[in-house]
There are 2 protein chains.
Amino acid sequence: MKIETSPLTRKLSAFVKLSASELGVLERLHERRKSFSAGRDLVHQGQSEQAAYILAAGWVVSYKIQPDGSRQIVDFQIPGDFLGLRSVLLHTSDHGIEPIVEIEAAEVMVSDLLQAFAETPRLATAILWAVSRDEAMVVEHLVGLGRRDADARMAHFLLELGVRLSLVGMGSREGYACPLTQYHLADALGLSAIHVNRVLRKLREDGLVTFRDGVVVFDHYDGLVAVADFDPAYLDHARPLLS
Amino acid sequence: MKIETSPLTRKLSAFVKLSASELGVLERLHERRKSFSAGRDLVHQGQSEQAAYILAAGWVVSYKIQPDGSRQIVDFQIPGDFLGLRSVLLHTSDHGIEPIVEIEAAEVMVSDLLQAFAETPRLATAILWAVSRDEAMVVEHLVGLGRRDADARMAHFLLELGVRLSLVGMGSREGYACPLTQYHLADALGLSAIHVNRVLRKLREDGLVTFRDGVVVFDHYDGLVAVADFDPAYLDHARPLLS
DNA sequence: CGCCATATTGAAATATCTCAAGGGCAGTGG
DNA sequence: CCACTGCCCTTGAGATATTTCAATATGGCG
């Protein structure tokens with residue numbers, strides 16, 4: 001019974017029913033477990049790596065540093081997400097990847113991954129689904145920066161994260177634990193940290209959501225959805241893929 | 001001699017030296033030529049398509065409509081770019097694709113593409129390079145929206161477009177023809193059309209760049225690069241890929 | 001001619017930033 | 001135990017960038 005299910009397995013299982021053998025292959029990818037401490041870059045901007053990782057525990061941030069020194073966060077990764085998969089497949093990493101807290105991740109060599117794909121096409125399908133979802137999130141993020149005001153951006157961000165975390169059992173409509181600082185939010189949402197603070201206060205005072213002491217609590221989920229104009233369609237889009 | 005070289009071939013040749021047979025396969029992909037008129041969506045938001053296209057002539061815009069009706073442009077495609085490649089590979093299109101002018105495009109069935117890949121791995125490499133470059137552009141776009149002010153955003157955008165067009169012989173350091181309206185720029189850069197107008201005026205009065213009557217003229221290229229903090233590294237990154 | 005899309009400009013309103021300052025709390029070294 | 005430092009959060013007030021509203025100009029086109 002007691003087979004500890006990895007977050008990635010959990011996430012993929014929500015969308016594709018995987019057979020026992022497929023699950024076996026998937027778990028085997030998690031063998032080379034490693035730890036990394038917070039704050040030290042996993043991948044430096046401009047460097048290209050040999051291996052990808054599957055995040056098992058902890059939070060990671062992907063960012064890009066501007067010539068003027070400011071930082072734009074492209075995305076956060078949570079357990080079950082791939083790290084640097086694209087960098088490996090495309091031999092190019094133009095952004096940095098840094099653990100926010102101490103993390104656990106499984107190292108996956110390209111060859112292992114390709115072999116797993118060959119063995120179990122349905123698994124390949126599922127993983128490509130995850131990749132396409134990541135891309136959809138980046139696009140949605142771009143839309144948010146271009147077309148939403150600060151309140152909506154923040155609301156949308158917190159809601160999206162909630163949905164993502166729920167998929168791996170780390171969140172619900174009630175809320176979730178979240179180790180991000182207001183500076184992280186600022187760099188992700190294209191705001192100043194000061195304004196992030198004000199926005200959070202406003203959302204809290206409006207009885208919509210409370211982010212405090214590392215915990216996000218949805219005080220009024222539907223109200224927040226309205227503020228954000230949140231439509232989670234892009235997160236659970238139809239079963240994808242050639243397969 | 002006179003083999004009319006497609007823009008895609010031109011673009012890829014700038015990065016990977018392709019053999020005669022590879023060039024042949026590439027040109028064969030261009031066989032099913034079609035025209036589409038301006039303004040009618042090629043792909044509707046939410047719809048998923050069977051075929052991808054290689055743009056041969058004209059300009060195309062990829063955008064996403066918000067629930068509130070506003071539009072965010074994700075990217076523009078110019079000759080030599082793929083349309084809907086990701087949508088096809090991942091069976092998911094969450095954004096619309098619309099020709100800006102009358103366009104010519106070659107329809108490519110997934111099967112043709114996969115077969116071409118099997119025949120010529122180096123070609124697959126080259127095309128994946130192009131895909132990864134597209135992604136880098138989206139990320140750079142995201143960074144611009146989050147961390148650049150209106151002037152820098154505009155300058156960066158015009159410069160990036162210049163580099164892209166140069167690769168297919170449609171532009172140079174002097175300038176290029178550009179059918180975009182100020183509304184297109186506004187929706188791409190996350191600004192109001194009115195502000196776009198003012199920004200263009202300022203850049204023109206500062207003697208940096210002139211965008212008028214469908215033509216972009218770089219009056220002072222290096223000055224514009226300075227305003228934009230433009231570093232084209234992400235556009236011509238190292239030869240990529242597993243191959 | 002009248003109409004529509006695009007471009008232009010001004011003035012007032014608003015969102016967000018910057019600068020400045022202070023508070024809480026955890027770790028660290030005396 | 002205390003003082004100190006660093007990191008994160010909070011708040012206020014003035015400065016700035018950008019938007020909105022309103023009005024006008026221009027050219028193509030039925």
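The chains referred to below are lettered A, B, ... by the order of the sequence lines, with proteins before strands, and numbering in each begins at 1. Only a predicted model underlies this, so the values are computations on that prediction, with no experimental measurement involved.
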N or O in side chain of B/Gln182 less than 4.0 angstrom from C/dT8 OP1/OP2: yes
Residues at least two apart in sequence or cross-chain that pass ring pair (Phe, Tyr, Trp, His ring centres under 6.0 Å) with B/Phe230, listed by chain then number, are B/His156
Does the side chain of [Y] come within less than 4.5 Å of [X]'s, by heavy atoms?
| X | Y | value |
| --- | --- | --- |
| B/Asp81 | B/Lys11 | yes |
| B/Ile100 | B/Leu180 | yes |
| B/Glu104 | B/Lys34 | no |

Specify the separation, in whole Å, of atom CG of B/Asp213 and atom C1' of C/dA7. 10 Å
To the nearest 10 degrees, how far apart in direction are the end axes of the helix from C/dC1-D/dG30 to C/dG30-D/dC1, each fit to five base pairs? 20°
Considering only heavy atoms of chain B and a distance under 4.0 Å, specify the first and last nucleotide of DNA chain D in 5' to 3' order that meet this criterion. D/dT18 to D/dC21
Keeping to residues at least two apart or across chains, list the ring pair (Phe, Tyr, Trp, His ring centres under 6.0 Å) pairs with something in residues 205-224 of chain B. B/Tyr176-B/Phe218, B/Phe218-B/Tyr221
I'd like to know if the side chain of A/Arg204 and the backbone of A/Val209 have a donor-acceptor N/O pair within less than 3.5 Å. no
Residues two or more places apart in sequence or in another chain: which of them pass side-chain contact (heavy atoms from CB on, under 4.5 Å) with B/Asp75? B/Gln77, B/Met137, B/Arg164
List, with names and distances, any nitrogen or oxygen atoms from the protein found under 3.5 Å away from nitrogen or oxygen atoms belonging to nucleotides 12-22 of chain C.
residue: C/dT16; atom: OP1; partner: A/Ala150; partner atom: N; Å: 3.0
residue: C/dC17; atom: OP1; partner: A/Ser192; partner atom: N; Å: 3.2
residue: C/dC17; atom: OP2; partner: A/Ser192; partner atom: N; Å: 3.2
residue: C/dC17; atom: OP2; partner: A/Ser192; partner atom: OG; Å: 3.2
residue: C/dT18; atom: O4; partner: A/Arg198; partner atom: NH2; Å: 3.1

Heavy-atom nearest nucleotide on DNA chain C taken for B/Arg201 and for B/Tyr183; more 5' hit belongs to B/Tyr183
Would a line drawn from the ring center of A/Phe157 to the ring center of A/Phe76 be shorter than 6.0 Å? yes
State whether B/Lys64 and A/Glu140 are salt-bridged, where the test is any N-O pair (Lys NZ or Arg NE/NH1/NH2 against Asp/Glu carboxylate O) under 4.0 Å. yes
Passes salt bridge (Lys or Arg N to Asp or Glu O under 4.0 Å), A/Asp206 versus A/Arg201? Steps please. CA-CA 8 Å; A/Asp206 289 351; A/Arg201 169 155 55 121; over 6 Å; no
